[in-house]
Every structure is written in structure tokens, then in C-alpha cells.
Amino acid sequence: MSQILFVSAEVAPYSKAGGLADVAGGLPPALKAYKYNATNLSPLYGSINCQKFKLKETTISGTVYLGKDAYLYKIWSNDDESHWFVHNDEFFGRNGIYTDARGEGFPDNNLRFFFFQKVAVDLIKRAHINPKVVHCNDHHTALIPLMLKAVNENAATLLTVHNFQYQGWFSSDEFGLLTQDEQNLINPVATQHYNAMELGLHYAHHVNTVSPNYAKEILEIPDWSFGLFDKIQSIKDKFSGILNGVDYSYWNPQYDSHIEHRFDVENTFGKKLNKAALQVHCSWPVAPDTAVIGNISRLVDAKGYPLIIDILPDLMELDVQFVFLGTGMEAIQNKLREFANAYPKKIAYFNGYDEPFAHLIEAGADLFLMPSAFEPCGLNQIYSLKYGTLPIVHETGGLADTVENWDGETGTGFSFNQHNSQALLETIVRAIQTYQDKKSREKLIQNAMKKDFSWSFAAKKYAALYKSLES
Ligand code: ADP
């Protein structure tokens, strides 16, 4: 067994803001089948219930420096020590991962994640862990490759980019907190601003993103990497895409402990009962034949809300109900709330982050709406397939890699190519009409539920990549 250190800002089920947590929770255990033993490293946030997860303090502790200031850390771990957590109350004692209760980013986020990355490097430097490959994720961990180089540590590094939109810009004052050796490595690379993602792209031995199609789009469409297009062109020989998997022990209607009525591809009757439960939860009339469309997401424009907001009123004449679960931009929240007030029997909006309710939506809805402008991989459309909740998606990134458009004979969902309101409207209407045709609906549900996106496929690809980096 070779050792992997999997470093991420979030890891399910301990801490989660989005899909990154699902990947950090799902990929490492699946690597075992391919002879890789991974240890997760993530911060011990105040919101993590140590008692519930039986986390305990280990004997490992240390000090790292940011500028002249020394910061202490302690390592906590779970029972089998597969997960290590960095404890430091000043940086991580608060509840939020990146933002406060109002959704505002913490002003010291750069410092918090500089500290976290320094701890990862310190653990390697002091041989508390000896990874063959350090697997970094997104900009919060993208400085690790150069930090390792600065202390002459030569573990191989892989940077997985889950989203190019967030890059970890930092100021010259924050730059001043790094060591002279680190600064010397940054200076020749940084263009006009300090950007953790750019530095990660430069110094990681390999970079991948989370679906083959998104990797291809990133190489073709300048705007989608938000200023990093030239940098990515310059590293394209070490750049690839590996489709995420999903954890079917958690996202599976056959075993789902969050839902009352279990079902599987052989017997989907439970889905009807979950649909009724969902309609009750939304204070709607229970209407078995009405198409229920679900949506669960961070409320940001990139997830396609401008298009949804544009067309929702046009759909109100149809036999349809929409349930939205999400938190994020206030303007989007207000709009969804406004719609829910105007059409209480057809639209429900729940503000907040609610894992059990997300499972009920997956289990009870008939269709799942995910019209993202771009989507590195996307997980909810894959969960939806397993729950027979037919996805309606924009043909982009991982959405295009995982959902096959229904052509009357084959397919697992509904997709549209041009990202505009009219195309979305037509596709939702087409999905509702197809749903109302029993024969097509049943065939689609069977096709969708039989799809397999287990982590083992991705783990096999990551194992091959680790192997190529080790040698
Ligand atoms: P992203 O990582 O861009 O947010 P993904 O589709 O890759 O998008 O992953 C989102 C994950 O976060 C899914 O597991 C989804 O169910 C979950 N999620 C997002 N918002 C909420 C919410 N409000 N309540 C519960 N789960 C949510």
C-alpha cells in the first residue's frame, strides 16, 4: 500500500459546503482496492461534532509561522485514523467553513488556509506522514506544491481543480507572511496578482479537473478559467479530466436512511410515497400525476438561476410543482421567495443547507433541474439518476458526461445545448410532456437507475495517475 495524503478544506460527512466534500469523503476509501491507502487532512471546524464522530486528540502537534507569528496546531483523528483534522481555535474554532452565518467570506480566509497548508507541509517535513503523493484540492491547498519545494520535500503532488472560478487571490501583505524561499518561488510565476490557483497549476506535478468534458472545455473556452487560460495552455501536457464518482452507500434509495420509503430499480413504488411526503412537506396538494421538479444547489448565477428566474412564471400554466433548496446570493433567495409566495401550490423555496431534505427531494421529485452555465462535474444530477429523478441539464462539463438526452428510445434525462432561457423553457416543457407519457417515463427511470457512477471507476484512474507520478 502506498500512502496518499488527501488534503482538502472540506470532507463529508464532517464538513461540507459543496461537492468538494463529497469527493474528499468518497474517493479515498475507494482507493484501497487499487493499493493506495489515503489519509484525509482537513480543518477541525467549530461546527464538527467531535463527540458524535468520536474524534480525539492525537499526540501530534506543532508550530508553524506566518511572518514572525507562531501558530500552534494539534492533530485530531477519527477512530481508524483515516481522517486527520487540524485543530487551531483561532482559525477554525468558528462554525463556518468559508463564510459567516450571513454568507460573507471571512476576512482572514487567506491566513486560515495558508496556516492549514503550512501544517500539511510541517507534518510531512517532520515525517508524521510520508506520502508518495500529496493530493491537493482547489485553491485552499494549491500552495502546497510550492511550499513543499521550498523546504526541499519531494513528494509528488497532484492538484485537483473542482472549480476554476475560485482562485484564492492574496495581497502583497499576505505574500509578505510567506517565507523568503516561498516568495522566491512565487515571484517568477505570479503575473500581476498573487493567485494560489495559478501557483498550484505551475508547481503541481499534475493537474486534473473533475470531468473529461470540463477539462476539454477549459482548454477551449478562454472565459471559463477566469483569467487562467494562458497558464492552462502552458501546462496542458500535465492536465487531464477524471469524472467524479458518487458514494452509493449514502446516495442510494435502496439504503437511504434519510427517506421513509426505500425503493430500487426492481420496485419503484416507494418513490410514489416519497413524492407524496415531499408534496406534504412543501404544503402542496398531494397530486400523484403532477410533475414535481427538484433543485438543490448553492444559489449562485453559475448554477443557472438567471435562466430559471426568467422562465418560471411561463411554466405556471402547466401541471408542475417546483421545489428549491438552497442558500447563497440574496438576490436569488428573494426572487425564489417571491415566486413561492405568488404560487404557493406550485413553487416552494427552502432557504438553508439541509442534508436530509436534499435526500427527500432526490427521492420524491420526478425531475431534477440543473441548468448550470458551466459545471466541472456536478453531483446532484448523478444522485438523481440513481433515484430515478430524471435530470434536466445544460449540455456542459460533467453534466454532458453523465446525462444522455432522451431521444424517444434511449437516454437518461433531458439536455439542451444553447445556454439561454428559451432553450431551458423548451426542455422543461419537453421533460414534463415526456414524464406524462407512462411508457417513456418508465423506460427513462429504468435507464437512469441502472447507471453506475461508483467511485471505483474514478479510483482506478486516480491510482494509475498516482503511479505515473510516483515513478
Ligand atoms: P458544487 O460543488 O458546485 O456546489 P456539486 O453538484 O458538485 O456542486 O455538489 C453540491 C453538493 O452539495 C451536493 O451533494 C448537494 O446535494 C449539496 N448541496 C448543495 N446545496 C445544498 C443545500 N442547500 N442543502 C443540502 N445539500 C446541498
Side-chain angles (χ1 to χ4, degrees), residues 8-27 47 96-99 101 103 137-140 160-166 209-211 213-214 224 226 241-253 256 258-259 278 281 294-305 323-329 332-333 336-337 348-365 368-387 389 391-394 396-403 453 455 458:
S8 61
E10 324 166 21
V11 57
Y14 305 97
S15 54
K16 176 164 165 178
L20 168 60
D22 291 344
V23 177
L27 173 60
S47 53
I97 297 180
Y98 314 113
T99 58
N137 292 275
D138 277 348
H139 71 85
H140 326 97
T160 298
V161 181
H162 300 257
N163 197 332
F164 276 103
Q165 192 171 9
Y166 307 105
T209 184
V210 286
S211 69
N213 193 42
Y214 182 64
W224 284 19
F226 300 90
I242 299 178
L243 188 70
N244 280 338
V246 303
D247 181 352
Y248 287 129
S249 66
Y250 188 62
W251 289 102
N252 189 335
D256 195 330
H258 290 302
I259 59 174
L278 176 61
H281 193 106
N295 172 271
I296 306 163
S297 182
R298 291 181 292 117
L299 301 185
V300 293
D301 285 351
K303 295 290 183 183
Y305 289 102
V323 51
F324 295 93
L325 167 64
T327 183
M329 284 170 64
I332 301 175
Q333 287 182 34
L336 293 177
R337 216 170 272 127
Y349 166 52
F350 296 85
N351 178 29
Y353 191 93
D354 186 341
E355 193 95 13
F357 189 43
H359 286 247
L360 177 60
I361 294 176
E362 286 293 2
F368 192 88
L369 188 56
M370 208 157 158
S372 314
F374 61 88
E375 192 57 77
C377 176
L379 294 171
N380 270 120
Q381 85 282 9
I382 311 182
Y383 303 149
S384 299
L385 292 170
K386 189 46 91 195
Y387 287 77
T389 305
I392 301 169
V393 302
H394 173 215
T396 186
L399 297 173
D401 278 336
T402 51
V403 178
F453 292 97
W455 267 115

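Order of listing sets the numbers, starting from 1, for every ligand and every atom in it.
In this structure, the protein non-hydrogen atom closest to atom 15 (C) of ligand 1 is N380 OD1, 2.9 Å. With hydrogens left out, the protein atom closest to atom 8 (O) of ligand 1 is K303 NZ, 3.1 Å, a heavy atom. The protein heavy-atom contact nearest to atom 14 (O) of ligand 1 is D22 OD2, 2.7 Å. What sits closest to atom 10 (C) of ligand 1 on the protein, heavy atoms only, is G19 N, 3.6 Å. Nearest non-hydrogen protein atom to atom 6 (O) of ligand 1 is L379 N, 3.0 Å. Protein heavy atom nearest atom 24 (N) of ligand 1, with residue, atom name and distance: D354 N, 3.0 Å. In terms of protein heavy atoms, atom 12 (O) of ligand 1 is closest to K16 CE, 3.6 Å. Nearest protein neighbour of atom 21 (C) of ligand 1, counting heavy atoms only, is Y353 CE1, 3.4 Å.
Only the backbone of S297 comes within 4.0 Å of ligand 1, judged by heavy-atom distances.
In this structure, CD1 on I361 lies 8.0 Å from NE2 on H281, to the nearest 0.5 angstrom. F368 contributes atom CZ, which lies 10.5 Å from atom OH of Y383 (distance to the nearest 0.5 angstrom).
Considering N244, T209, N137 as possible partners of H162, the one that fulfils the side chain to side chain donor-acceptor pair (under 3.5 Å) test is N137.
The shortest non-hydrogen separation linking G352 to T327 is N-CB, 3.8 Å. Taking each heavy atom of Q381 and G398 in turn, the nearest pair found is NE2-O, 3.7 Å. The two atoms that bring Y305 and S297 nearest to each other are OH-CB, 3.2 Å, heavy atoms only.
Using a 30° and 60° split on the angle between ring planes, H359 and Y387 fall in the perpendicular class, above 60°.
Residue contacts with ligand 1 do not include C377, since none of its heavy atoms lies under 4.0 Å from the ligand. Residue M370 places a heavy atom less than 4.0 Å from ligand 1.
Per-residue contacts place G352 under 4.0 angstrom from the following atoms of ligand 1 (heavy atoms of the residue considered): 22 (C), 23 (N). Residue R298 has at least one heavy-atom neighbour below 4.0 Å for each of these atoms of ligand 1: 1 (P), 3 (O), 4 (O), 20 (N). Close contacts between ligand 1 and Y383 involve ligand atoms 14 (O) [criterion: under 4.0 Å to a heavy atom].
Looking at Y250 and H258, their side chains do bring a donor and an acceptor atom within 3.5 Å of each other. Judged purely by distance below 3.5 Å, without hydrogens or angles, the side chains of E362 and N380 pair a donor atom with an acceptor atom.
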